[in-house]
Amino acid sequence: MSSRRILWGAGTSRTIRPHWALHELGLDFELRPILPRTGETQTAEFTALSARQKIPLLQDNGLILTESAAIVVYLSDAYAQPHNRLMPIDPRARAQCLEWCFFVISELDATSLYVMRRHGDLRHIYGEAPIANAAAAAYFQQQMRTVERALNDEPQYILGDQFSAADILLSTCVSWAVRYGVPVANAVAAYNERVTARPAYACALETNSAPVRPPAG
């Protein structure tokens with residue numbers, strides 16, 4: 001049976017995560033490069049797939065997933081080979097990987113960086129809140145101490161020698177923070193350079209690039 005794998009979404013720090021995973025795993029996919037807050041997530045076709053009206057969204061032979069971290073984990077579990085697995089098989093190692101994934105999504109993404117996005121890039125919707133932005137940036141730096149500690153011995157990746165889903169999530173948040181002007185430790189910057197030097201990341205940057213829309217009218 002041929003696989004019909006469709007990825008919806010491009011142009012954001014969250015949509016690049018499934019792009020990256022797909023390229024790491026060498027999987028073919030059909031791309032629908034819709035953007036957030038352009039009306040493209042509010043069409044009848046997309047809303048039928050997800051009432052959340054948010055990207056990214058993965059369709060895979062009838063399965064629909066709408067959270068970037070869940071998409072990355074699923075793709076590895078469903079399709080990885082021993083040489084490109086993004087999730088460990090050993091229960092203890094898998095638990096450690098999932099702990100990093102949950103930490104990144106909850107503490108770095110949602111609690112810190114997305115607060116800054118809401119009151120920065122999206123201040124026309126959510127309003128300006130400089131105190132909240134400053135507090136979110138400070139909280140991000142505080143939470144990054146656990147990342148700095150994990151990188152003390154200069155491992156190749158956050159779990160050691162094995163690249164994983166945790167690296168995809170963590171690296172996208174580090175890059176996001178740097179774009180927002182939030183300082184990161186030298187060890188974190190060096191780690192992110194190593195991770196983003198992977199060929200699959202370059203491919204993900206290309207497919208995740210926001211498409212140019214023709215002017216209206």
Side-chain angles (χ1 to χ4, degrees), residues 5-25 27 29-43 45-47 49-60 64-75 86 100-129 132-133 136-137 140 143-144 165-182 184 192 195-196 198 200-214:
R5 192 177 300 112
I6 303 173
L7 178 63
W8 297 73
T12 78
S13 295
R14 289 174 174 172
T15 58
I16 196 173
R17 296 164 180 166
H19 285 259
W20 194 348
L22 286 160
H23 289 294
E24 288 283 352
L25 297 169
L27 299 176
F29 63 100
E30 179 183 339
L31 176 61
R32 306 284 177 84
I34 66 172
L35 303 174
R37 295 180 176 84
T38 60
E40 293 172 293
T41 62
Q42 298 172 10
T43 64
E45 180 185 13
F46 191 79
T47 302
L49 297 173
S50 174
R52 300 180 194 177
Q53 298 182 328
K54 290 182 176 290
I55 52 174
L57 181 148
L58 177 74
Q59 291 177 268
D60 189 17
I64 295 174
L65 292 174
T66 61
E67 292 291 333
S68 61
I71 294 171
V72 171
V73 171
Y74 162 73
L75 289 171
L86 301 175
W100 276 112
C101 291
F102 298 157
F103 163 75
V104 170
I105 293 299
S106 61
E107 300 293 350
L108 301 184
D109 182 320
T111 305
S112 303
L113 294 168
Y114 199 67
V115 172
M116 299 174 70
R117 174 164 167 74
R118 278 175 178 258
H119 301 295
D121 297 342
L122 304 177
R123 59 185 177 275
H124 59 289
I125 300 173
Y126 298 103
E128 294 188 7
N133 272 359
F140 179 90
Q143 292 302 307
M144 284 296 290
D167 293 298
I168 290 178
L169 302 180
L170 177 57
S171 175
T172 55
C173 280
V174 172
S175 296
W176 188 354
V178 170
R179 285 198 300 275
Y180 280 178
V182 180
V184 298
N192 205 41
V195 172
T196 56
R198 296 176 65 85
Y201 179 75
C203 294
L205 277 180
E206 182 176 352
T207 57
N208 188 58
S209 296
V212 177
R213 302 299 193 218

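The shortest side-chain heavy-atom distance between Leu122 and Tyr114 falls under the 4.5 Å cut-off. By the 4.5 Å heavy-atom criterion applied to side chains, Leu49 and Trp8 are counted as neighbours. No side-chain heavy atom of Asn133 sits less than 4.5 Å from a side-chain heavy atom of Glu128. Under the 4.5 Å side-chain criterion, counting only non-hydrogen atoms from C-beta, Arg32 is in contact with Glu45. Within the 4.5 Å cutoff, side-chain heavy atoms of Tyr74 are placed close to those of Leu58.
Residues meeting the side chain to side chain donor-acceptor pair (under 3.5 Å) test with Arg17, sequence neighbours left out: Ser68, Asp109, Thr172. With sequence neighbours excluded, the residues forming a side chain to side chain donor-acceptor pair (under 3.5 Å) with Ser171 are Asn192, listed by chain and number.
Atoms CD1 and CG, on Ile71 and Leu7 in that order, are 6.5 Å from each other to the nearest 0.5 Å. Interatomic distance, Thr12 OG1 to Leu35 CG, rounded to the nearest 0.5 Å: 9.0 Å. Note that CG of Leu170 and CG of Leu108 are 7.0 Å apart. Values are rounded to the nearest 0.5 Å. Taken from CZ in Arg117 to OG in Ser112, the straight-line distance is 15.5 Å, to the nearest 0.5 Å. If you take CZ on Arg5 and CD on Gln59, they are separated by 12.0 Å, rounding to the nearest 0.5 Å. Here the NE2 atom belonging to His19 is positioned 12.0 Å from the CD1 atom belonging to Ile168, to the nearest 0.5 angstrom.
Defined by atom type and a distance below 3.5 Å, a donor-acceptor pair is present between the side-chain atoms of Glu40 and Thr38.
Between Gly120 and Arg123, the shortest heavy-atom contact is O-NH1, 2.6 Å. Among all heavy-atom pairs drawn from Leu31 and Thr207, the shortest one is CD2-O, 3.3 Å. What you find for Thr43 and Phe46 is that their closest heavy atoms are OG1-N, 3.2 Å. Nearest heavy-atom pair across Thr111 and Ser106 is OG1-O, 2.5 Å. In plain terms, the two heavy atoms of Ala21 and Leu75 that are nearest each other are CB-CD1, 4.1 Å. Across every non-hydrogen atom of Ile105 and Ala69, the tightest pair is CG1-CB, 3.9 Å.
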Starting from the C-alpha separation in whole Å, work towards a yes-or-no answer on side-chain hydrogen bond (donor to acceptor under 3.5 Å, both in side chains) for Tyr126 and Asp121. CA-CA 10 Å; Tyr126 298 103; Asp121 297 342; over 6 Å; no
Start with the C-alpha distance between His23 and Tyr201, add both sets of side-chain angles, then the distance that settles side-chain contact (heavy atoms from CB on, under 4.5 Å), and finish with yes or no. CA-CA 8 Å; His23 289 294; Tyr201 179 75; over 6 Å; no
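Counting only distance, with no hydrogens or angles, the side chain of Ser13 and the backbone of Cys173 share no donor-acceptor pair below 3.5 Å.
Salt bridge present: Arg198 and Glu24 bring a charged side-chain N and a carboxylate O closer than 4.0 Å.
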